[in-house]
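These notes are about the structure you will find just below.
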Amino acid sequence: MSKVLGLHHITAIAGSAQENVAFYTAILGLRLVKKTVNFDDPGTYHFYYGDEYGRPGTILTFFPWQHMAKGRNGAGMATEIAYSIPKGSMSFWEKHLQKNGVSLDHKVERFGDIYQPFTDPDGLQLSMVETGLEDNRQGWQVPEIDQGVATKGFFNTTLTLRELEPTARILTDLLDYDQVAQEGNRFRFVNPHVTSANTIDIWVDPKAQRGSNLAGTNHHIAFTVENSEDQMKLREEILSAGLHITPQIDRDYFHSLYFREPGGVLFEIATKQPGFTVDEPLDRLGQALKLPKQFEAHRNEIEAVLPVIKETR
Ligand code: ZN
């Protein structure tokens, strides 16, 4: 069987590009590792934030549409993203977020860990969590956020679904996850091949309305595979399970397949390679606007319609 290696990236929808950059770089302390455009809508940015390299399991990406209406979380969506933070750093984050005008929701306990929920400027639901598990990933450092407190990448994401079974079967039978725990209507799945960004929760709410996939909501979640060979094996397995899946699509920084799981969440399978250093050096990641080659001839028109971003780093 092909191996899935936990989460690769999560992609969400934003409103203002400038607010998005300011929030994720200066307040959350992530590295903007790529500034490119939506390959299907090149008049819109595509921002990628992550650790120093933008390693799989740390990458949160956004399509910012300036005048996009606010969406609503609901059934058939990834409805929360939790970042793993170093042990002992929760009080730093509480103060830091509040100092920057981010209001904190009530803490919640899940499977023995305390989650501190908050939202981004568009209402995207995020959490900080200090888990009892080892997480050796090194966060990106910015002024005010050193390595002792920097986020390490994803701990888990939560899918809100009306039914457990159809999606649980996709996770366990095709994507190598094990169902490991349950608390009320929350079911936890862990991928045993990796030690971080390997956790997915399913929150079952049989009466949940379908979400509205606009600003402040997640668009899709992507799982990691080592290479194209594993990816194409997995594609066959997904097809054999009777699901529709796209052909392999070149996203410049990884190769992707997309399929909609039975609960309605858009899943992507992405390769580790080639990564974000394929078209700019590590020390300058995210600084220049990078365009896929099919749009390079239109750079002037594209740059003219994209909002100017003031870097806050
Ligand atoms: Zn994606």
Side-chain angles (χ1 to χ4, degrees), residues 4-14 17 20 24 30-42 44-51 53-65 68 71 76-81 83 120 122 124 126 153-154 156-159 170-171 174-175 191 197-198 200 211 213-228 230-232 234-235 238 243-261 263-276 278-279 285-286 290-292 294-295:
V4 171
L5 306 171
L7 287 171
H8 184 280
H9 65 268
I10 297 176
T11 292
I13 300 173
N20 186 259
Y24 285 96
L30 306 181
R31 186 175 195 194
L32 177 62
V33 293
K34 197 63 63 182
K35 188 162 58 178
T36 181
V37 294
N38 183 333
F39 289 12
D40 303 312
D41 176 13
T44 302
Y45 281 117
H46 192 181
F47 297 140
Y48 291 82
Y49 305 98
D51 70 356
Y53 287 82
R55 289 181 180 89
T58 73
I59 312 159
L60 181 59
T61 101
F62 287 90
F63 299 125
W65 277 288
M68 174 70 78
M77 292 167 92
T79 49
E80 191 204 53
I81 298 165
Y83 274 97
D120 85 353
D122 292 300
L124 188 75
L126 303 165
F154 301 136
N156 74 296
T157 185
T158 297
L159 312 180
I170 301 295
L171 290 177
L174 292 170
L175 304 180
N191 182 303
N198 62 350
I200 302 243
N213 199 198
L214 299 169
T217 65
N218 290 304
H219 187 262
H220 64 265
I221 67 171
F223 297 89
T224 310
V225 285
E226 187 66 42
N227 52 39
S228 280
D230 280 3
Q231 187 180 43
M232 296 319 274
L234 180 56
R235 185 173 187 277
I238 292 168
L243 294 159
H244 295 284
I245 184 161
T246 65
Q248 192 190 54
I249 298 172
D250 183 358
R251 293 305 188 190
D252 282 11
Y253 310 106
F254 41 87
H255 291 89
S256 294
L257 306 171
Y258 300 85
F259 70 103
R260 201 167 288 280
E261 59 80 27
V265 186
L266 185 60
F267 280 1
E268 175 181 348
I269 310 293
T271 57
K272 280 187 175 175
Q273 301 299 330
F276 295 101
V278 69
D279 61 358
L285 286 183
K290 305 309 280 187
L291 296 177
Q294 65 270 30
F295 297 134

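Just follow the structure's listing: the first ligand is 1, and inside any ligand the first atom is 1. Side chains included, hydrogens not; waters and symmetry mates left out as well; all remaining heavy atoms used.
Excluding waters, the set of protein N, O or S atoms lying under 2.8 Å from the Zn ion (ligand 1) comprises H9 NE2, H220 NE2, E268 OE1.
Every residue two or more places apart in sequence or in another chain that forms a ring pair (Phe, Tyr, Trp, His ring centres under 6.0 Å) with F47 is listed here: Y45. Remark: E80 pairs with R110 by the salt bridge (charged side-chain N to carboxylate O under 4.0 Å, His left out) rule, at least two apart or across chains. With sequence neighbours excluded, the residues forming a ring pair (Phe, Tyr, Trp, His ring centres under 6.0 Å) with F267 are F223, F259, listed by chain and number.
Using a 4.5 Å heavy-atom threshold, the side chains of L124 and N218 count as touching. L243 has its side chain within reach of I170: a pair of non-hydrogen atoms, C-beta onward, lies under 4.5 Å apart.
Side-chain contact, T271 with Q231: no donor N or O sits under 3.5 Å from an acceptor N or O.
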